[in-house]
Amino acid sequence: MSAAFREAVVDLDAVTANVARLRELVGTEHVMAVVKANAYGHGAVECARAALAGGADWLGVADVAEGLQLRAAGIEAPVLAWLHDPDEDFAAAVAAGIDVGISSRAQLEAAAAAGAVDAPAFVQLKLETGLSRNGVPASEWEAVVARAHELEQSGTLVVRGLFSHVSNASPADDRAAIAAFSRGIEQAEAAGLRPELRHIAASAAALSLPESRFNLVRLGLAVYGLSPFGADSAAELGLRPAMTLRGRVAAVRRVAADTGVSYDYTYRTTAETTLALVPLGYAEGIPRHASSRGPVSIGGRRYRVSGRVAMDQFVVDVGDAEVAVGDEVVLFGDPATGVPGADDWAEAADTINYEIVTRLGGRLRRSYRGGPA
Ligand SMILES: *Cc1c(COP(=O)(O)O)cnc(C)c1O
């Protein structure tokens, strides 16, 4: 691989292999690959195809617009979208065959209005079970499932699934949410609904709490080879990080001891040394919070960012190593290959691996390796 100036290289074969491995681990009838937010920064269309090749049979997105982007690329697999504009017109979703996640009575009516007897709206009803985000509150659930059944009888709407989402606060909290969800399923069935899908688990619960799996799990982070439980856990689960973030050294200078580096001179050299300039900055989503902390690999050796991460660039003190303009700099990739991982950057920036990969953008080029034929 010859390095590009600023580049995120996504290994689509890793995505495919991760999904296959996850299917094996969870053993559920259905697996939904969550490709919202441009597949956590990895490229939605490319990763959706790679995940389907690995055995995912559903795709999950937050916004309907993200689902429409998949359809525009020719992806025909089932898609669920669950977070909507208050004035969302679900006609486009229904026309594109995208399932609409329903979190309120108003959304249920809007979805039914977008459906017709010869082209019903497919919906999945979301019950709020403790996270305090969206979802129908337990107090309104019986009325909503009764109305959904009525609409189903009228033919404009089909309830394909029931779902919820857990907090990961603790196994006990997640078990309480699962119990509340199970009661919600019983109430829906008592109201006459016969939904084909029931799901509550994302990566963390799916991997750690078997009773959360029902007949579908919604997997995001793990699909990209990262674990909600940290770097060692991803490797132990047999998952491979799909993304390598890299660039090329744009300048090198030899400087004396006590030379200030980058804005505010928060870093000063302690001896004569070589400084390498790396052309990625917070415009690309490199966290400024990782100033003087974020790890990089150059020529197979580990260094840290020296001083402030700026908008377009940061500097690395490489000592007396022979680093030249054009050399490859890896910010993170698969730790099994000796480079830092997204988890190392998460630690350096006091955040989570999810945010490190998802926030990448700016002038970064994405390129792909492998992938389904
Ligand atoms: C983002 C999201 C997921 C995927 O979560 P991961 O922890 O990345 O697996 C699943 N379900 C919902 C509702 C989500 O918003």
task: Apply the test side-chain contact (heavy atoms from CB on, under 4.5 Å) to residues V136 and L125: give CA-CA distance (whole Å), side-chain angles for both, the deciding distance (0.1 Å), then the verdict.
output: CA-CA 8 Å; V136 175; L125 308 179; 5.8 Å; no
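- Proximity of a side-chain donor or acceptor of S212 to a complementary backbone N or O of A205 within less than 3.5 Å is detected.
- Between the side chains of D63 and H84, no donor-acceptor pair is found at a separation under 3.5 Å.
- A search for side chain to side chain donor-acceptor pair (under 3.5 Å) contacts involving D320 returns R254, not counting sequence neighbours.
- Test V252, V325, V315, D312 against L277 for side chain to side chain contact (heavy atoms under 4.5 Å, CB included) and you get one pass: V315.
- Remark: the backbone N or O of F5 is not paired with any side-chain donor or acceptor of R248 at under 3.5 angstrom.
- The minimum heavy-atom distance linking A188 with L162 is given by the pair CB-CD1, 3.6 Å.
- A pairwise comparison of heavy atoms in A93 and V100 identifies CB-CG2, 4.0 Å as the closest pair.
- Judged by distance alone, the side chain of R302 and the main-chain N or O of P295 form no donor-acceptor pair under 3.5 Å.
- Here the straight-line distance linking atom CD1 of I98 with atom CG of L59 works out to 10.5 Å at 0.5 Å rounding.
- The shortest heavy-atom contact between H289 and A349 is CD2-O, 3.2 Å.
- Applying the ring-ring contact (aromatic ring centres under 6.0 Å, His included) rule to pairs touching residues 262-281 yields nothing, sequence neighbours excluded.
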message: Quick one, L360 with M243, criterion side-chain contact (heavy atoms from CB on, under 4.5 Å). Give me CA distance, side-chain angles, the key distance, then yes/no.
response: CA-CA 11 Å; L360 297 177; M243 184 191 285; 3.4 Å; yes
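- Grouping the Ile, Leu, Val, Met, Phe, Trp and Tyr side chains by contacts below 4.5 angstrom, directly or via other members, places L52 with M32.
- Note: E284 CD to R365 CZ = 13.5 Å, rounded to the nearest 0.5 Å.
- Put simply, the side chain of D264 never gets that close to the backbone of T266: no donor and acceptor are under 3.5 Å apart.
- Between F229 and A204, the shortest heavy-atom contact is CZ-O, 3.4 Å.
- For residues 223-232, the side-chain hydrogen bond (donor to acceptor under 3.5 Å, both in side chains) pairs, not counting sequence neighbours, are S227-S233.
- The side chain to side chain donor-acceptor pair (under 3.5 Å) check on S164 picks up T129, with sequence neighbours excluded.
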task: Before giving the answer on side-chain contact (heavy atoms from CB on, under 4.5 Å), spell out for R49 and V35 the whole-Å C-alpha distance, their side-chain angles and the decisive distance to 0.1 Å.
output: CA-CA 10 Å; R49 290 203 181 100; V35 296; over 6 Å; no
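- Using a 4.5 Å cut-off between side-chain heavy atoms of Ile, Leu, Val, Met, Phe, Trp and Tyr, with links allowed through other members, L216 and V158 fall into different hydrophobic clusters.
- Contacts of S367 classified as side chain to side chain donor-acceptor pair (under 3.5 Å), with partners at least two apart in sequence or in another chain: E7.
- Listed by chain and residue number, nothing satisfies the salt bridge (Lys or Arg N to Asp or Glu O under 4.0 Å) test with E76 (two or more places apart in sequence, or in another chain).
- In this structure R304 satisfies the salt bridge (Lys or Arg N to Asp or Glu O under 4.0 Å) test with no other residue, sequence neighbours excluded.
- With hydrogens and angles disregarded, a donor-acceptor distance shorter than 3.5 Å links the side chain of N18 to the backbone of A14.
- Residue pairs meeting the side-chain hydrogen bond (donor to acceptor under 3.5 Å, both in side chains) criterion with at least one partner in residues 136-151, sequence neighbours excluded, are E109-R147, R147-E150, H149-Q153.
- In plain terms, the two heavy atoms of A206 and L219 that are nearest each other are CB-CD2, 3.8 Å.
- Judged purely by distance below 3.5 Å, without hydrogens or angles, the side chains of Q124 and H199 pair a donor atom with an acceptor atom.
- Remark: R71 pairs with no residue by the salt bridge (Lys or Arg N to Asp or Glu O under 4.0 Å) rule, at least two apart or across chains.
- Atom CG of L108 is separated from atom CD1 of I102 by 5.5 Å, given to the nearest 0.5 angstrom.
- With hydrophobic clusters built from ILVMFWY side chains whose heavy atoms lie under 4.5 angstrom apart, V339 does not share a cluster with V249.
- Note that the CG atom of L207 and the CG atom of L221 stand 9.5 Å from one another [nearest 0.5 Å].
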- request: Could you walk me through whether R194 and E189 pass the salt bridge (Lys or Arg N to Asp or Glu O under 4.0 Å) test, one step at a time?
  value: CA-CA 6 Å; R194 294 290 176 269; E189 286 174 348; 5.6 Å; no
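- Side-chain atoms of R363 do not come within 3.5 Å of backbone N or O of L280 as any donor-acceptor pair.
- Using a 4.5 Å cut-off between side-chain heavy atoms of Ile, Leu, Val, Met, Phe, Trp and Tyr, with links allowed through other members, V357 and L364 fall into the same hydrophobic cluster.
- Closest approach of L70 to A48, counting heavy atoms only: CD2-CB, 4.0 Å.
- Listed by first and then second residue, the side-chain hydrogen bond (donor to acceptor under 3.5 Å, both in side chains) pairs involving residues 330-349 are D343-N353 (not counting sequence neighbours).
- Looking at P279 and F314, their side chains never come closer than 4.5 Å, going by heavy atoms from C-beta outward.
- Under the ring-ring contact (aromatic ring centres under 6.0 Å, His included) criterion, F214 pairs with F181, sequence neighbours left out.
- Distance alone, capped at 3.5 Å, places no donor-acceptor pair between the T259 side chain and the V255 backbone.
- Put simply, the side chain of Q107 gets close to the backbone of S103: a donor and an acceptor are under 3.5 Å apart.
- Between the T28 side chain and the N215 main chain, no donor and acceptor come within less than 3.5 Å of each other.
- Interatomic distance, R366 CZ to C47 SG, rounded to the nearest 0.5 Å: 9.5 Å.
- Not a single salt bridge (Lys or Arg N to Asp or Glu O under 4.0 Å) links R218 to another residue, sequence neighbours left out.
- Looking at R369, its side chain never comes within 3.5 Å of a backbone N or O of D11 through a donor-acceptor pair.
- To the nearest 0.5 Å, atom CZ of residue R246 and atom CD1 of residue I298 are 14.0 Å apart.
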- prompt: Which is it for T269 and V261 under the side-chain contact (heavy atoms from CB on, under 4.5 Å) test, yes or no, and what are the steps along the way?
  reply: CA-CA 8 Å; T269 60; V261 175; 4.3 Å; yes
query: Hey, mind stepping through D173 and S170 against side chain to side chain donor-acceptor pair (under 3.5 Å) and telling me if it holds?
result: CA-CA 5 Å; D173 285 299; S170 72; 2.7 Å; yes
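- In the hydrophobic clustering of this structure, Y303 groups with I286; members are Ile, Leu, Val, Met, Phe, Trp, Tyr whose side-chain heavy atoms approach within less than 4.5 Å, directly or through other members.
- Stacking of R160 on the aromatic ring of F122 is recorded, both the 6.0 Å distance cut-off and the 45° axial limit being met.
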message: Test salt bridge (Lys or Arg N to Asp or Glu O under 4.0 Å) on E24 and R21; report intermediate values, then the result.
response: CA-CA 5 Å; E24 210 174 85; R21 171 72 184 142; 2.7 Å; yes
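- Heavy-atom neighbours of R268 CZ from other residues, nucleotides or ligands within 6.0 Å: above the threshold of 12.
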